[in-house]
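First comes the structure, then the notes that go with it.
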Amino acid sequence: MSAALKNYWLMKSEPDAFSINNLRDRPNQTEHWDGVRNYQARNMMRDDMKRGDLVFFYHSNCEIPGIVGIMEVVKEGYPDFSAFDPDDHHFDPKSDHTKPRWMMVDVRYVKTLSRTITLRELKDRPELEGLALVKRGNRLSIMPVSQQQWQFILTLE
DNA sequence: GCCAACGTTGGC
DNA sequence: GCCAACGTTGGC
């Protein structure tokens, strides 16, 4: 794959735990995306997410689930240290510094969309049939978005 | 390696 | 709060 190619992603977060406004208000508007405990999502952060990739920020498990903003990958996959901390909610005794099991990336706030593009309307669009988010039973918290899907979603704003 | 039990996700 | 869908765990 050419280093010049930008990839696109979608990442879910429950706004009660961490919202787009929380990211915007962080120092440098940057935060590490810790707490992912799913192997498929881990592998994408470890292998595929590159500096400069753009990411939709999706609010899940809330009143109006949907895409609320855009962020950018600013640091590629590295060990998720929250797994090492017994006091952390995401502690995993099977992960340690010598053999970290979980990975994370750093993301920087880019913008908040002028409105929430809701899950409901994303599901209604035949152009997005292939998007993992709208597939039945989907539970992936991180997923790839094709360039075509990315550009189409932006036209919905 | 199978699969039942269990815990979690996340829309509704 | 409900519950379907899914991933993980662990007994065998």
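Every chain is numbered from 1, with letters handed out A, B, ... down the list of sequences. Being a predicted model, the structure only gives us computed values, none of them experimental. In what follows, every heavy atom counts, from backbone to side chain, and hydrogens, waters and symmetry copies are set aside.
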Next on the checklist: For the OG atom of A:Ser141 and the CH2 atom of A:Trp33, what is their distance to the nearest 0.5 Å?
Outcome noted: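 The OG atom of A:Ser141 sits 8.5 Å away from the CH2 atom of A:Trp33.
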Next on the checklist: Quick test of your reading: applying salt bridge (Lys or Arg N to Asp or Glu O under 4.0 Å), list the pairs with at least one residue in residues 140-152 of chain A, sequence neighbours left out, ordered by first then second residue.
Outcome noted: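 Not a single pair qualifies under salt bridge (Lys or Arg N to Asp or Glu O under 4.0 Å).
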Checklist entry - Any side-chain donor paired with an acceptor under 3.5 Å for A:Ser19 and A:Asn22? => result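 Yes, A:Asn22 and A:Ser19 have a side-chain donor paired with an acceptor closer than 3.5 Å.
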Next on the checklist: Side chains of A:Tyr78 and A:Asp106 only: does a donor on one sit below 3.5 Å from an acceptor on the other?
Outcome noted: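 Indeed, the side chains of A:Tyr78 and A:Asp106 share at least one donor-acceptor pair under 3.5 Å.
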Checklist entry - Pick the nucleotide of DNA chain C nearest each of A:Asn61 and A:Asn38; which residue has the one closer to the 5' end? => result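 Its nearest nucleotide being more 5', the pick is A:Asn61.
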Checklist entry - Mapping A:Arg136 and A:Lys94 onto DNA chain C by nearest heavy atom, which one lands closer to the 5' end? => result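 Per heavy-atom nearest nucleotide, the more 5' residue is A:Arg136.
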Less than 4.0 angstrom from a charged side-chain N to a carboxylate O is my criterion; do [X] and [Y] meet it?
X       : Y       : answer
A:Asp80 : A:Arg42 : no
A:Arg51 : A:Glu76 : no
A:Lys75 : A:Glu31 : no

Checklist entry - Over its full length, what angle do the end axes of the helix from B:dG1-C:dC12 to B:dC12-C:dG1 make, each axis taken from five pairs and the result rounded to 10 degrees? => result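 Computed from the C1' atoms at both ends, the axes differ by 10°.
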Checklist entry - Contact class for A:Lys135 vs. all strands (heavy atom < 4.0 Å): base, sugar-phosphate, or nothing? => result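 Counting heavy atoms under 4.0 Å across all strands, no contact is made by A:Lys135.
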Checklist entry - Under a criterion of less than 4.0 angstrom to any heavy atom of chain A, what are the 5'-terminal and 3'-terminal contacting nucleotides of DNA chain B? => result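 Range of nucleotides within reach of chain A: B:dG7 to B:dC12.
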Next on the checklist: Tell me whether the rings of A:Trp150 and A:Phe56 are parallel (<30°), tilted (30 to 60°) or perpendicular (>60°).
Outcome noted: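 Taking A:Phe56 first and then A:Trp150, their aromatic rings lie parallel (interplane angle under 30°).
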